[in-house]
2 protein chains.
Amino acid sequence: MSASKKLSTSVKAICYLAESFPNPKSSKDISDNIGGNASKLRQLLSMLAKNGIVSSSQGINGGFILTKHPGKIHLQEVYCSVEDRKAFHLDVNHSHGDSKDRTSIFNDYFLDLFADVQVEIEDKMRLISLQSIMNNLKIKSKYNDRLVPKE
Amino acid sequence: MSASKKLSTSVKAICYLAESFPNPKSSKDISDNIGGNASKLRQLLSMLAKNGIVSSSQGINGGFILTKHPGKIHLQEVYCSVEDRKAFHLDVNHSHGDSKDRTSIFNDYFLDLFADVQVEIEDKMRLISLQSIMNNLKIKSKYNDRLVPKE
DNA sequence: ATAAAATGTTACACTTTCCGTAACAATTAA
DNA sequence: TTAATTGTTACGGAAAGTGTAACATTTTAT
C-alpha cells in the first residue's frame, strides 16, 4: 500500500474511532464504514496500537478504541506509525564500484539534500492535528480521557 | 522510474553536461559517465530539452548540451521537467458512490492538505541550484552563455 | 548523393511490487 | 465451551517498474 494511502486510511479509521468512542470497533465495523479490506486494516491498526494511538482487545465485543485525544495526535505521528519510509524517499542508483567512487559520493550528497526536504515535510505534518482534520470534516469527536481503559 | 531517481539521474546528467560544455555529449557518452541506460536517458533528456534546460542536435557529432547557467537551474525546475506527479503524491481510495459521498469529501479535503505540503517542498527545492550542487561536489562548470548555439 | 550517427519514441519481455483475500493460531469474553 | 476478534503470514493475480531493442527521422561529414 502506498505511503499516502496508508496515511489517509489511518486517518479515516482514527476519525471513525473518535466518532464512535468509547465503543470498541472491530476491523470489520471499520472497513464497513470507511471502505477497504478488514485484514489490511488490522495491519494498519496494529501498527497504530504499537505507537499508542489506539488499543486493541480480542474476543467477543473486542476491537479497537482510540487512546489519545485527537488534538494530541498529529499527521507526522500517524505517518511514522504506519510507514517506515521517509515521506520524500530517495531512490538512487546503486553503486557498482567501491564505496568512494563518484556515484557513491553523489548519492551520499543527495541523501543529505533530501533529508533536509524531509525535515520540512515532517515539520509541516506535525502542525496538523487529527482534531483539526475532524473539525474541517465536521466530524464530532466523543473522545474522553477518563473512559480509556488502563493497560 | 521513480520520481527521485529521475531527479537524481537528471542532475547527474546536467552536471556532466556542465563539466563538458560546450561539447555536445551523446546519450551513450552520458550513460558511460553517470551510469544507467542510454535509451532511458534520452527519455529524460528530451524532457529537459522541452523545458529549455538542455538542447539536442541529431546527426554525427550531435548530442546534448546545456543551455542554461547552472546557477539559474533549480531542483524544482528539474523535478517538474521530468515528473508530472507532485513530489508528495496523494494516492487516495477511489470513491465507489456518487460524487458527494463521505469518501469523496474526505479525499477532497486530503488533497488540499497535501497540496499545502507540496508547496513547502517546491519552495524548498526552488532554493537549491544546480550550481550549489556542483560546488558541493567540487565539479567545475565550463558553462558559458556565449557559446550556446541559437535556436 | 550516400552513409553514418544521433535523437525521439514505441514496444516488449522480465522482474518486482502491490493488493485483496484467505487462512489460522492465539486470545478473550459471554 | 464456544464464538468472536486480533495479529500475522501466505498466496495468486494485477499492476507498475526496468532494461533493452527497434526503427523512423534528422543531421552532418565525406
Side-chain angles (χ1 to χ4, degrees), chain A residues 1-10 13 17 20 23-32 34-51 53-67 81-85 89-94 96 149 151, chain B residues 1-10 13 17 20 23-32 34-51 53-67 81-85 89 91-94 96 149-151:
Chain A
M1 196 184 286
S2 72
S4 62
K5 195 169 179 183
K6 282 184 191 170
L7 180 59
S8 64
T9 302
S10 299
L17 292 179
S20 46
N23 304 107
K25 290 293 179 182
S26 71
S27 56
K28 172 121 194 351
D29 291 337
I30 302 174
S31 71
D32 284 347
I34 70 169
N37 178 266
S39 182
K40 276 279 186 285
L41 257 179
R42 289 204 294 279
Q43 290 178 348
L44 281 182
L45 288 163
S46 72
M47 289 191 273
L48 294 177
K50 280 170 188 162
N51 285 273
I53 296 172
V54 303
S55 75
S56 63
S57 57
Q58 290 178 311
I60 296 175
N61 295 331
F64 300 88
I65 67 172
L66 201 59
T67 53
S81 298
V82 298
E83 184 59 58
D84 289 333
R85 249 187 213 184
H89 176 72
L90 176 60
D91 192 13
V92 292
N93 289 97
H94 287 164
H96 36 74
E151 295 285 309
Chain B
M1 196 184 287
S2 73
S4 63
K5 195 170 179 183
K6 282 184 191 170
L7 179 58
S8 64
T9 303
S10 297
L17 291 179
S20 47
N23 304 104
K25 291 293 177 180
S26 72
S27 55
K28 173 122 194 347
D29 289 337
I30 301 173
S31 69
D32 284 346
I34 70 170
N37 178 267
S39 183
K40 276 279 184 283
L41 257 179
R42 288 204 295 276
Q43 290 178 346
L44 281 182
L45 288 163
S46 72
M47 289 189 273
L48 293 177
K50 280 169 188 162
N51 286 273
I53 297 172
V54 304
S55 75
S56 63
S57 57
Q58 291 176 312
I60 296 176
N61 296 331
F64 300 89
I65 67 171
L66 200 58
T67 53
S81 299
V82 297
E83 183 60 56
D84 290 333
R85 254 189 207 183
H89 176 71
D91 191 14
V92 292
N93 289 98
H94 287 162
H96 36 75
K150 296 198 173 159
E151 298 284 310

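We use all heavy atoms of the structure for the numbers below, so side chains are in, but hydrogens, waters and symmetry mates are not.
- Between the P atom of D:dG7 and the CD1 atom of A:Ile30 lies a distance of 11 Å, rounded to the nearest Å.
- The side chain of B:Lys50 places an N or O atom within less than 4.0 Å of a non-bridging phosphate oxygen (OP1 or OP2) of C:dT9.
- A:Ser56 comes within contact range of the sugar-phosphate backbone alone, with a heavy-atom separation under 4.0 Å but no base atom that close.
- Residue contacts for B:Lys6: at a heavy-atom cut-off of 4.0 Å it reaches no nucleic acid atom on any strand shown.
- In this structure, B:Leu45 places its CG atom 8 Å from P of C:dG8, rounding to the nearest Å.
- The nucleotide whose nearest atom lies closest to any side-chain atom of B:Gln43 is, among D:dT5, C:dT10, C:dT21, C:dT10.
- Side chain A:Gln58 to base C:dT28: no donor-acceptor pair is found below 3.5 Å.
- Between B:Ile60 atom CD1 and C:dA6 atom P the separation is 8 Å, expressed in whole Å.
- Both B:Asn37 and A:Ser46 sit near DNA chain D, but only A:Ser46 has its closest nucleotide nearer the 5' end.
- Stem list for DNA chain C (at least 3 consecutive Watson-Crick or G-U pairs, distances under 3.5 Å): C:1-30 with D:1-30.
- Rounded to whole Å, the distance from CG on A:Asn23 to C1' on D:dA4 is 17 Å.
- For A:Ser39 against C:dA22, a side-chain N or O and a base N or O form a donor-acceptor pair under 3.5 Å.
- Considering only side-chain atoms of A:Asn61, the nucleotide from C:dG20, C:dA30, D:dA29 that sits closest is C:dA30.
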